[in-house]
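Below is one structure, written out as structure tokens; the observations come after it.
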Amino acid sequence: MPELPEVEQVRRELAPFLEGARVRDVELRRANLRTPFPPEFRERLLGQTVRALERRAKYLLASLSSGETLVMHLGMTGEFKVDVGRPDADPVAPDRHDHVIFTLDSGTRVTFNDARRFGFMDLVAAGALDAHPTIGGLGPEPLSEAFDAVALAQALRGKRTPIKVALLDQAVVAGVGNIYASEALHVARLSPFRKAATLATPAGAPRETTGRLATAIRQVLQQAIARASRAGYRGARFRVYDRAGEPCLRRGCGGTIRRRTQAGRSTFWCPVCQR
DNA sequence: ATTGAGACCTGTCGGC
DNA sequence: TGCCGACAGGTCTCAA
């Protein structure tokens, strides 16, 4: 499911069940997701209390009483199901894509389901998060103070790739995915095919367009988070994503949304108002 | 050093 | 109905 807003929504839904809860059992229904589970994964989790459930980019981070961090990624299709087990209820037969089942002291069961298995879980030692191969290389969190026109210009400086492709690079901005990259560029009125480096001066300073894009990225992510708490991903409506052939929604534009493949991913844009 | 293509998986949908 | 290809919200690895 997930780009940053959807992962944030998962975090908010899961946090009340996990935070403060102690892990009574962990059932691994297979040996790997995208990568193998770390050694002694189950044993290292047993008896631990989840101090907090946080998010970094598209990663969920459960900090544990030992100081370790349980890192979880949902890939394309990962989701969590919560079963507040009632003693008299019949146990639910696991789905064939239920891969990890956490049982908490309360009896609540949290199940990780992931059809495509592009997700993963890892257990990281205290203080080693920044050295983690995936977490360590992440760029600024787009909804934090660290992300602004200056940071964006710096990251795009000299990049030859199209701006849409650059936005998918998690070292540039952490958490933007294929949908919100297209959405943000439409809000910013910038063509997805524009060379990334044109959004910075040769020295790496921001331009007017850089500020527009940084603002647009924050805006689409924030709106999606606000909407996700009510509608959910499926009901979400996008400005351009998956709207090829339909009219541009910008007032007075009159353009028609088009679709084209960039770096193997679908890009949607309005050729009239995005320059 | 960057950048693009392919790989990893399963499910769904449209066309014939 | 069945089969087949295209496509799906992500990221890693490998070769140019």
Side-chain angles (χ1 to χ4, degrees), chain A residues 1-11 29-37 55-60 71-80 94-100 112-122 132-139 142 154-186 192-198 200 204 217 220-221 223-225 227-228 231-245 258-269:
Chain A
M1 311 203 305
E3 294 184 31
L4 185 154
E6 294 72 37
V7 177
E8 176 59 20
Q9 180 60 20
V10 169
R11 189 198 68 75
R29 307 193 65 248
R30 53 176 304 122
N32 66 291
L33 296 171
R34 191 177 82 213
T35 58
F37 290 102
R55 179 191 57 73
R56 172 78 168 100
K58 303 170 194 171
Y59 297 84
L60 287 168
V71 177
M72 300 178 281
H73 195 286
L74 304 176
M76 291 274 234
T77 51
E79 61 178 359
F80 286 96
D95 177 90
R96 75 194 218 88
H97 298 303
D98 287 349
H99 305 310
V100 185
F112 180 71
N113 180 285
D114 183 5
R116 289 177 77 177
R117 273 184 270 130
F118 285 177
F120 80 87
M121 292 190 190
D122 198 2
H132 192 271
T134 67
I135 307 281
L138 292 172
Q154 198 64 44
L156 297 178
R157 174 187 187 182
K159 269 198 175 288
R160 297 230 240 284
T161 46
I163 183 61
K164 155 65 164 40
V165 177
L167 290 181
L168 296 182
D169 180 349
Q170 300 298 294
V172 172
V173 210
V176 173
N178 199 43
I179 290 181
Y180 296 111
S182 283
E183 294 293 288
L185 287 166
H186 183 255
F193 308 105
R194 181 193 266 263
K195 219 173 76 171
T198 66
I217 289 169
V220 296
L221 296 179
Q223 284 181 355
I225 289 172
R227 197 173 38 204
Y233 207 89
R234 283 233 139 133
R237 311 188 52 168
F238 302 117
R239 294 167 171 83
V240 289
Y241 186 82
D242 207 21
R243 293 193 62 244
R258 292 176 56 185
R259 171 189 178 281
R260 184 180 297 175
T261 299
Q262 284 185 291
R265 320 288 308 274
S266 287
T267 295
F268 296 87
W269 87 107

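All heavy atoms count here, side chains included; hydrogens, waters and symmetry mates do not. Nothing here was measured: the structure is a model prediction, and the numbers come from that model. Letters A, B, ... mirror the listed sequences (proteins, then strands); counts begin at 1.
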Residues at least two apart in sequence or cross-chain that pass ring-ring contact (aromatic ring centres under 6.0 Å, His included) with A/His73, listed by chain then number, are A/Tyr59
Distances for protein N/O vs nucleotides 6-9 of chain B N/O pairs under 3.5 angstrom?
{"unit_1": "B/dC9", "atom_1": "O3'", "unit_2": "A/Arg117", "atom_2": "NH2", "d": "3.1"}
{"unit_1": "B/dC9", "atom_1": "O2", "unit_2": "A/Arg116", "atom_2": "NE", "d": "2.8"}
{"unit_1": "B/dC9", "atom_1": "N3", "unit_2": "A/Arg116", "atom_2": "NH2", "d": "3.3"}

Between B/dC9 and C/dC3, how far is it from one P atom to the other, in whole Å? 24 Å
If we only count heavy atoms from C-beta on, is the [X] to [Y] side-chain gap below 4.5 Å?
{"X": "A/His99", "Y": "A/Met121", "value": "no"}
{"X": "A/Glu183", "Y": "A/Val240", "value": "yes"}
{"X": "A/Tyr180", "Y": "A/Leu4", "value": "no"}
{"X": "A/Trp269", "Y": "A/Arg258", "value": "yes"}

Is the backbone N or O of [Y] less than 3.5 Å from a side-chain atom of [X], with the two atoms forming a donor-acceptor pair by type?
{"X": "A/Glu8", "Y": "A/Ile225", "result": "no"}
{"X": "A/Arg34", "Y": "A/Phe118", "result": "yes"}
{"X": "A/Ser182", "Y": "A/Phe268", "result": "yes"}
{"X": "A/Arg29", "Y": "A/Asp98", "result": "yes"}

For [X] and [N], give me the distance from atom [atom1] to atom [atom2], rounded to whole Å.
{"X": "A/Glu6", "N": "C/dA8", "atom1": "CD", "atom2": "C1'", "answer": "14 Å"}
{"X": "A/Ile163", "N": "B/dT3", "atom1": "CD1", "atom2": "C1'", "answer": "15 Å"}
{"X": "A/Arg157", "N": "B/dA1", "atom1": "CZ", "atom2": "C1'", "answer": "15 Å"}
{"X": "A/Met72", "N": "C/dT11", "atom1": "CE", "atom2": "C1'", "answer": "18 Å"}
{"X": "A/Asp242", "N": "B/dC13", "atom1": "CG", "atom2": "P", "answer": "13 Å"}
{"X": "A/Met76", "N": "C/dC7", "atom1": "CE", "atom2": "P", "answer": "13 Å"}
{"X": "A/Ile135", "N": "C/dG10", "atom1": "CD1", "atom2": "C1'", "answer": "14 Å"}
{"X": "A/Glu79", "N": "B/dT10", "atom1": "CD", "atom2": "C1'", "answer": "14 Å"}

Would you indicate, yes or no, if [N] has its OP1 or OP2 atom less than 4.0 angstrom from a side-chain nitrogen or oxygen of [X]?
{"X": "A/His73", "N": "C/dG10", "value": "no"}
{"X": "A/Lys58", "N": "C/dT11", "value": "yes"}
{"X": "A/Ser266", "N": "C/dA8", "value": "yes"}
{"X": "A/Arg265", "N": "C/dA8", "value": "no"}

Under 4.0 Å, heavy atoms only, any strand: does A/Arg160 hit a base, just the sugar-phosphate, or nothing? sugar-phosphate
Stepwise side chain to side chain contact (heavy atoms under 4.5 Å, CB included) test for A/Phe112 and A/Leu74: CA-CA 9 Å; A/Phe112 180 71; A/Leu74 304 176; 3.6 Å; yes
Let me have the donor-acceptor pairs involving side chains of residues 162-172 of chain A, under 3.5 Å, with sequence neighbours excluded, atom names and distances please.
{"unit_1": "A/Lys164", "atom_1": "NZ", "unit_2": "A/Asn178", "atom_2": "OD1", "d": "2.8"}
{"unit_1": "A/Lys164", "atom_1": "NZ", "unit_2": "A/Thr267", "atom_2": "OG1", "d": "3.0"}
{"unit_1": "A/Asp169", "atom_1": "OD1", "unit_2": "A/Ala171", "atom_2": "N", "d": "2.9"}
{"unit_1": "A/Asp169", "atom_1": "OD2", "unit_2": "A/Lys159", "atom_2": "NZ", "d": "3.4"}
{"unit_1": "A/Gln170", "atom_1": "OE1", "unit_2": "A/Gly175", "atom_2": "N", "d": "2.8"}
{"unit_1": "A/Gln170", "atom_1": "NE2", "unit_2": "A/Leu168", "atom_2": "O", "d": "3.1"}
{"unit_1": "A/Gln170", "atom_1": "NE2", "unit_2": "A/Val176", "atom_2": "O", "d": "3.0"}

If you take any heavy atom closer than 4.0 Å to DNA chain C, which residues from residues 164-175 of chain A end up in contact? A/Gln170
If you check the A/Tyr59 side chain, which of B/dT3, C/dG10, C/dC12 turns out closest? C/dC12
Of all the base pairs, Watson-Crick or G-U under 3.5 Å, which form stems of three or more consecutive pairs involving DNA chain B? B:2-8 with C:10-16, B:10-16 with C:2-8
Which residue, A/Arg96 or A/Ala263, contacts DNA chain B at a nucleotide closer to its 5' end, judged by nearest heavy atom?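 Closer to the 5' end of DNA chain B: A/Ala263.
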Salt bridge (charged side-chain N to carboxylate O under 4.0 Å, His left out) involving A/Arg259 - partner list, sequence neighbours excluded: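 With sequence neighbours excluded, A/Arg259 shows a salt bridge (charged side-chain N to carboxylate O under 4.0 Å, His left out) to no residue whatsoever.
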